[in-house]
Structure formats: structure tokens, C-alpha cells
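Single-structure report; data block below.
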Amino acid sequence: MIDIEARIAAIKSRIQQASTKKDESAGEVVLVAVSKKQSIDSIKAACLVGQRHFGENYVQEAVVKIEQLQQKSLIWHFLGPIQSNKARLVAEHFDWVHSIDRLKIAQRLSNNRPASMPPLNVCLQVNIDADPAKSGLAPGQCMELAAVVAELPGLRLRGLMALPVQTSNSEQTRASFRAMRQLFETLRERLPVTSFDSLSMGMSSDMDIAIEEGASMVRVGTAIFGPRSP
Ligand SMILES: *Cc1c(COP(=O)(O)O)cnc(C)c1O
């Protein structure tokens with residue numbers, strides 16, 4: 001069994017180190033521990049050392065975990081593509097969705113958000129490198145969708161998410177994150193919502209660069225939990 005406590009401590013020190021190189025207005029960085037394809041025991045081990053935010057990609061798998069860990073009051077982030085027939089389950093169980101890229105899905109999430117829960121926090125997913133293999137909006141489409149999503153009663157528009165192309169060229173990665181930050185700032189100036197405060201970018205391999213470029217949330221899986229089960 002992997003020493004999750006030591007790994008989380010190491011990630012926290014990477015976050016701190018990278019934060020010394022970022023512009024201070026970006027604020028504190030939230031660590032989302034990506035627990036997809038990881039066991040409930042691994043999530044419990046992370047909880048024991050104070051980890052509160054967890055990310056999942058597969059609805060059915062996630063719902064089982066959320067229900068079993070209900071009494072721990074964790075904060076659950078949905079990161080994967082959403083099929084419209086799964087939107088209701090996502091709306092009923094999660095606190096955040098990072099992967100909004102269509103109005104139809106946003107409307108379904110809003111319509112299915114139970115009145116007993118606070119509005120669902122959402123980020124728009126941006127395909128910042130125009131990668132044909134990835135979902136997400138083109139940068140030029142974001143303002144229009146953001147303005148509509150901001151008005152949906154069951155949602156709270158929080159920011160943007162990106163998943164840049166994985167490359168060993170760190171300057172290319174940095175350029176993608178920098179473009180995201182600029183897009184985020186442009187939208188923040190233009191949107192009439194005060195809740196637009198989150199820039200979700202950076203994973204195990206590139207979180208340091210993402211933080212230096214202004215990420216407010218990083219989503220880290222394998223660096224905390226080890227390789228995922230197939
Ligand atoms: C799986 C996943 C992650 C975590 O990736 P790691 O490389 O394991 O850190 C982060 N974000 C999204 C959207 C993911 O699907």
C-alpha cells in the first residue's frame with residue numbers, strides 16, 4: 001500500500017513551492033485529489049490527513065463512493081464528460097462540475113439540482129490547444145455560454161477548467177496555461193457575476209507550471225494515489 005499521507009505532504013510542498021512564483025492576486029490553491037478508479041480505503045486514508053476535495057470521472061462509480069462516505073462531509077468534483085442521461089445523478093450528488101461545454105448539459109444540471117442543495121458550482125471546460133481528441137469549448141465560445149450559464153438558477157458559475165495536451169515540452173504547456181489565465185481574466189472582467197473566481201488547471205505532471213501561471217485549483221490523481229486500476 002502506498003503511503004498516501006507522505007504523498008499528500010509532498011504535493012502540498014510542491015504547491016507551496018510553486019505558489020512562491022505566482023502572482024499573489026491568484027489566492028490560495030485548492031487541491032482536488034482525483035480518486036477515480038481508486039479504492040474507498042485510499043480515499044479514507046486521504047481523509048485521515050485532512051484532504052476534503054475529491055475528483056471523479058465516472059458517475060456510477062462515484063455515486064457509490066459518495067454514498068458510502070456521506071458522513072465525512074467531503075466536497076465532490078465531477079471532472080469527466082457528462083452524458084445527458086447521467087446529468088440528473090451528477091446534479092443530485094456532486095458539489096462541483098468542471099466539465100461543462102454544452103448548454104444542454106448545463107440546463108439539465110440546473111433543472112435537476114435538488115432544491116434542498118445549494119446551487120451546483122460549475123466551470124466551463126476549454127479546449128485550449130484545439131485538440132481534436134478532447135472535449136471543451138473553443139476560447140471564442142466561452143463568453144457566450146458563460147453569460148447564459150450564469151443565469152441558470154440551479155448553477156453557480158465559478159470559472160474555467162482546462163486539460164492541455166500532455167507534452168514533454170514544458171514551454172508549450174506553460175503557454176497553454178498562460179492563455180487560460182488571460183481568457184479567465186477577460187471573462188471575469190466582462191461577466192456580471194462575483195462568483196467567477198476559479199481556474200482549474202494542472203495535474204500530477206504539470207501542476208507546478210499551472211500554479212505559477214495562476215491556477216486556483218489543481219486536480220491530482222496518480223501523484224497521490226499511484227497508478228489507477230484498469
Ligand atoms: C484523471 C484526471 C486528472 C488526474 O490526472 P493525474 O495525471 O492522475 O494527476 C485530472 N483532471 C482530469 C480532468 C482527469 O480526468
Side-chain angles (χ1 to χ4, degrees), residues 2-4 6-15 17-18 29-39 42-43 45-46 51-63 65-66 74-83 86 90 93-102 105 109 120-137 142 158-170 172-173 176-177 180 184 198-230:
I2 281 175
D3 186 346
I4 287 174
R7 283 176 171 245
I8 289 181
I11 296 292
K12 293 237 166 106
S13 90
R14 270 173 75 185
I15 291 175
Q17 183 62 34
V29 177
V30 173
L31 172 60
V32 178
V34 181
S35 48
K36 64 182 181 214
K37 310 253 181 195
Q38 305 287 355
S39 68
S42 294
I43 299 174
Q51 181 61 33
R52 283 284 162 274
H53 293 262
F54 291 88
E56 292 280 339
N57 286 48
Y58 309 103
V59 181
Q60 258 119 354
E61 175 194 339
V63 166
K65 291 172 174 172
I66 293 170
L74 304 178
I75 301 157
W76 292 96
H77 298 249
F78 191 79
L79 309 176
I82 306 177
Q83 296 163 286
K86 300 276 170 57
V90 172
H93 289 88
F94 281 84
D95 303 290
W96 283 74
V97 172
H98 293 227
S99 47
I100 302 279
D101 64 358
R102 283 184 289 156
I105 295 296
L109 290 171
L120 180 62
N121 297 294
V122 299
C123 294
L124 304 186
Q125 181 173 350
V126 184
N127 188 356
I128 193 66
D129 301 314
D131 178 354
K134 291 216 172 78
S135 40
L137 297 152
C142 291
R158 296 299 299 270
L160 301 178
M161 183 272 250
L163 199 62
V165 168
Q166 296 278 297
T167 162
S168 55
N169 179 346
S170 65
Q172 188 185 330
T173 303
S176 301
F177 288 141
M180 280 300 299
F184 173 73
S198 301
L199 183 53
S200 166
M201 59 186 193
M203 322 205 300
S204 294
S205 59
D206 57 16
M207 56 174 277
D208 318 82
I209 303 173
I211 292 168
E212 289 170 24
E213 296 301 329
S216 68
M217 296 183 131
V218 291
R219 311 175 309 265
V220 180
T222 47
I224 294 176
F225 297 112
R228 289 180 270 275
S229 58

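Positions are given from 1, in the same order as the sequence printed here. For ligands, and for the atoms within them, numbers begin at 1 and follow the listed sequence. What you see is a predicted model, and the numbers here were worked out from it, not measured in a lab.
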For residues 217-225, tabulate all N or O donor-acceptor pairs below 3.5 Å that involve a side-chain atom, not counting sequence neighbours.
residue	atom	partner	partner atom	Å
R219	NH1	A162	O	3.4
R219	NH1	S200	O	3.0
R219	NH1	S200	OG	2.9
R219	NH2	A162	O	3.1
T222	OG1	S204	OG	3.3

Under 30°, 30 to 60°, or over 60°: which ring-plane class applies to H77 and W96, parallel, tilted or perpendicular?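 Judged by the thresholds at 30° and 60°, the geometry between H77 and W96 is parallel.
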I'd like to check whether M203 has a polar contact with ligand 1, where a contact means an N/O of the residue lying under 3.5 Å from an N/O of the ligand.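 N/O-N/O distance under 3.5 Å: no.
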[X] neighbourhood, listing ligand 1 atoms whose heavy-atom distance to it stays under 4.0 Å:
X	answer
G221	4 (C), 6 (P), 8 (O), 9 (O)
S204	6 (P), 7 (O), 8 (O), 9 (O)
K36	1 (C), 2 (C), 3 (C), 14 (C), 15 (O)
V220	9 (O)

What pairs with D95 under side-chain hydrogen bond (donor to acceptor under 3.5 Å, both in side chains), at least two apart in sequence or on another chain?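 D95 satisfies side-chain hydrogen bond (donor to acceptor under 3.5 Å, both in side chains) with no other residue.
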What is the closest protein heavy atom to atom 11 (N) of ligand 1, and at what distance does it sit?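 Of every protein heavy atom, R219 NE, 2.8 Å lies nearest to atom 11 (N) of ligand 1.
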Looking at atom 13 (C) of ligand 1, what's its closest protein heavy atom, distance included?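 Atom 13 (C) of ligand 1 sits closest to the protein heavy atom L163 CD1, 3.6 Å.
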Does even one non-hydrogen atom of R228 get within less than 4.0 Å of ligand 1?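 In this structure, R228 qualifies as a contact of ligand 1 - some heavy atom is under 4.0 Å.
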Indicate the atoms forming the closest heavy-atom contact of G55 with L79, along with that distance.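 Here G55 and L79 meet closest at CA-CD1, 4.0 Å.
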Could you report the tightest heavy-atom contact between Q51 and L31, atom names first, then the distance?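 Smallest heavy-atom distance, with atoms named: NE2-O, 2.8 Å.
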Only one of K36, K37, K65, R228 clears salt bridge (Lys or Arg N to Asp or Glu O under 4.0 Å) with E56; which?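 The residue from K36, K37, K65, R228 that satisfies salt bridge (Lys or Arg N to Asp or Glu O under 4.0 Å) with E56 turns out to be K65.
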